Number of protein chains: 2
Amino acid sequence: MKLTHQRLEIYKALAASLDHPSAEDLHRRIRGRLPTVSLDTVYRTLDTFEQHTLVNKVPVVKGPARYDAGMHPHHHCVCARCRKIEDLDWQAVDAVELPSGSQEWGHVTNRFVQLYGLCSSCSKAEQPATV
Amino acid sequence: MKLTHQRLEIYKALAASLDHPSAEDLHRRIRGRLPTVSLDTVYRTLDTFEQHTLVNKVPVVKGPARYDAGMHPHHHCVCARCRKIEDLDWQAVDAVELPSGSQEWGHVTNRFVQLYGLCSSCSKAEQPATV
DNA sequence: GTAATTGCAAATCCTTTGCAACCAC
DNA sequence: GTGGTTGCAAAGGATTTGCAATTAC
């Protein structure tokens with residue numbers, strides 16, 4: 001894998017983020033340093049990183065895919081209203097043995113949990129958006 | 001919520017499915033009975049069902065959203081290669097208390113786990129697709 | 001009768017792809 | 001030098017929206 005300016009900036013921007021940015025978020029964030037970088041390069045680069053297990057794509061029900069450079073095992077809190085995604089460590093779950101059914105299903109490479117609900121700021125707001 | 005033919009067929013088709021179909025899958029499945037139903041009605045109807053907590057949208061990293069009419073708490077096994085999604089009961093995880101961090105985050109309404117990997121048929125195939 | 005729902009078409013959002021120029025190795 | 005990578009533009013897939021006609025209540 002070649003080291004290009006674009007890849008370096010994209011990786012640095014993602015690693016510095018705590019908010020699980022989308023490809024477009026990252027594109028915006030690196031434009032100051034690399035004004036000519038294109039959005040499709042960001043997409044391609046994130047794909048490449050994912051294949052090399054440098055980043056993770058976070059599954060979402062709505063809107064653009066979100067990315068995460070923290071590769072230690074962890075989970076997510078997802079807000080149904082503002083779509084904020086926050087990391088969560090939950091060792092009690094990590095420690096639970098895989099259920100017997102999973103062997104029959106196939107070969108599990110990783111598990112992750114999403115806690116779904118309303119973040120504290122959205123809890124205060126009156127009209128929760130739908131999932 | 002009005003009961004229309006379209007809604008009834010969509011709900012029946014989803015409830016009869018074990019494979020977590022996409023909107024387009026469902027559209028195809030009900031066309032035999034309702035030849036004029038449109039895909040956008042399927043989307044709108046699934047949205048409506050979701051707001052009434054009759055169905056769940058399953059978060060995916062790639063491809064169209066998938067739906068699930070089983071509303072009892074359960075989890076999913078997701079194949080990285082063929083994108084098959086299978087239900088999984090895992091009471092050991094359901095029993096784990098929410099971590100202390102989650103209270104600070106906000107109000108958690110539900111939790112779900114994805115076991116990610118290769119299903120048994122894809123495990124036998126040689127070249128796993130990327131996430 | 002009335003407001004919600006539908007089908008159609010078009011628009012929008014997000015992501016991917018073909019291709020020629022470019023750059024890291 | 002060469003093959004992988006980029007930027008551009010255009011295409012593609014998934015989903016949403018405006019609107020007039022229709023339907024459940």
Side-chain angles (χ1 to χ4, degrees), chain A residues 1-14 19-52 54-68 80 82-83 85 129-131, chain B residues 1-14 19-52 54-68 80 82-83 85 129-131:
Chain A
M1 170 151 83
K2 290 188 182 176
L3 178 57
T4 64
H5 295 245
Q6 292 87 336
R7 287 180 174 175
L8 186 60
E9 291 303 328
I10 291 166
Y11 186 77
K12 277 168 49 186
L14 183 56
D19 60 343
H20 306 81
S22 66
E24 207 163 348
D25 292 332
L26 288 168
H27 185 228
R28 213 175 297 118
R29 288 176 202 182
I30 62 174
R31 281 193 145 188
R33 293 161 151 281
L34 281 178
T36 64
V37 72
S38 68
L39 178 57
D40 48 88
T41 293
V42 177
Y43 275 109
R44 271 187 292 223
T45 301
L46 289 168
D47 264 14
T48 305
F49 285 170
E50 202 193 351
Q51 283 163 31
H52 291 254
L54 288 169
V55 312
N56 261 143
K57 212 167 173 175
V58 182
V60 292
V61 289
K62 197 182 173 88
R66 308 278 289 266
Y67 293 86
D68 190 332
C82 70
R83 314 234 165 253
I85 299 176
T130 57
V131 179
Chain B
M1 169 149 85
K2 289 187 183 176
L3 178 57
T4 64
H5 294 182
Q6 291 88 334
R7 289 180 173 175
L8 186 60
E9 291 303 330
I10 291 167
Y11 186 78
K12 277 168 49 185
L14 183 56
D19 60 344
H20 308 80
S22 66
E24 205 162 350
D25 291 332
L26 287 168
H27 185 228
R28 211 174 299 117
R29 288 176 201 181
I30 62 175
R31 280 194 145 187
R33 292 160 152 282
L34 281 177
T36 65
V37 72
S38 67
L39 178 57
D40 49 84
T41 294
V42 177
Y43 275 109
R44 272 187 290 225
T45 301
L46 289 168
D47 263 15
T48 306
F49 285 170
E50 203 193 350
Q51 282 162 30
H52 291 255
L54 287 168
V55 312
N56 262 145
K57 212 167 173 174
V58 182
V60 292
V61 288
K62 199 183 171 87
R66 308 278 290 266
Y67 293 86
D68 188 333
C82 71
R83 316 234 164 254
I85 299 175
T130 58
V131 179

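To find a chain, count down the sequence lines: A is the first, B the second, and so on, and within it residues start at 1. Bear in mind that the values here come from a model prediction, so they are computed numbers and not experimental data.
Residue A:Ala65 is classed as a sugar-phosphate contact, given heavy-atom separations below 4.0 Å to backbone atoms only. As judged by a 4.0 angstrom heavy-atom cut-off over every strand, A:Thr48 is placed among residues making no nucleic acid contact. As judged by a 4.0 angstrom heavy-atom cut-off over every strand, B:Thr4 is placed among residues touching the sugar-phosphate backbone only. Across all strands shown, B:Ser22 has no heavy atoms under 4.0 Å from either base or sugar-phosphate atoms.
Contact annotation: A:Gln6 side-chain N/O to D:dG7 OP1/OP2 distance is under 4.0 Å. For C:dT6, the OP1/OP2 oxygens have no side-chain nitrogen or oxygen of B:Thr41 closer than 4.0 Å.
A residue-by-residue look at B:Tyr43 and A:Val42 shows that A:Val42 has its nearest nucleotide of DNA chain D further toward the 5' end.
Between the CZ atom of B:Arg7 and the P atom of C:dG7 there is a distance of 11 Å, given to the nearest Å. One interatomic measurement links the two molecules: CG of B:Leu3 to P of C:dA3, which rounds to 21 Å at whole-angstrom precision. A straight line from NZ of A:Lys62 to P of D:dT15 spans 10 Å, rounded to a whole angstrom. Rounded to an integer number of Å, the gap from A:Met1 CE to C:dC23 C1' is 16 Å. Distance CG (B:Asp25) to C1' (D:dT15): 15 Å, rounded to an integer number of Å. Rounded to whole Å, atom C1' of D:dT5 lies 20 Å from atom OH of A:Tyr11. When the P atom of C:dC19 is taken as reference, atom CG of A:Asp40 falls 15 Å away, rounded to whole Å. B:Asp47 places its CG atom 17 Å from the P atom of D:dA14, with the value rounded to the nearest Å.
With hydrogens and angles ignored, the 3.5 Å screen pairs no side-chain donor or acceptor of A:Arg66 with any backbone N or O of A:Val58. Of the possible donor and acceptor atoms, one in the side chain of A:His27 sits under 3.5 Å from a partner among the backbone N and O of A:Val37. No donor-acceptor pair under 3.5 Å is formed between the side chain of B:Arg83 and the backbone N or O of B:Val60.
With distances taken from any side-chain atom of B:His5 to the nucleotides D:dA24, D:dA14, D:dG4, the minimum falls on D:dA24. Which of D:dC25, C:dG7, D:dT15 sits closest to the side chain of B:Pro64 comes down to D:dT15. In this structure, the nucleotide among C:dT6, D:dT16, D:dT6 sitting nearest to the side chain of A:Thr45 is D:dT6. The side chain of B:Lys2 has C:dA4 as its nearest neighbour among D:dT15, C:dA4, C:dC25.
At a cut-off of 3.5 angstrom, the base of C:dG7 holds at least one donor-acceptor pair with the side chain of B:Arg44.
Salt-bridge annotation for A:Asp19 and A:Arg29: present, with a side-chain N of the basic residue lying under 4.0 Å from a carboxylate O of the acidic one. A salt bridge is defined here as a Lys NZ or Arg NE, NH1 or NH2 lying under 4.0 Å from an Asp or Glu carboxylate O, and B:Asp47 with B:Arg44 fails to meet this definition.
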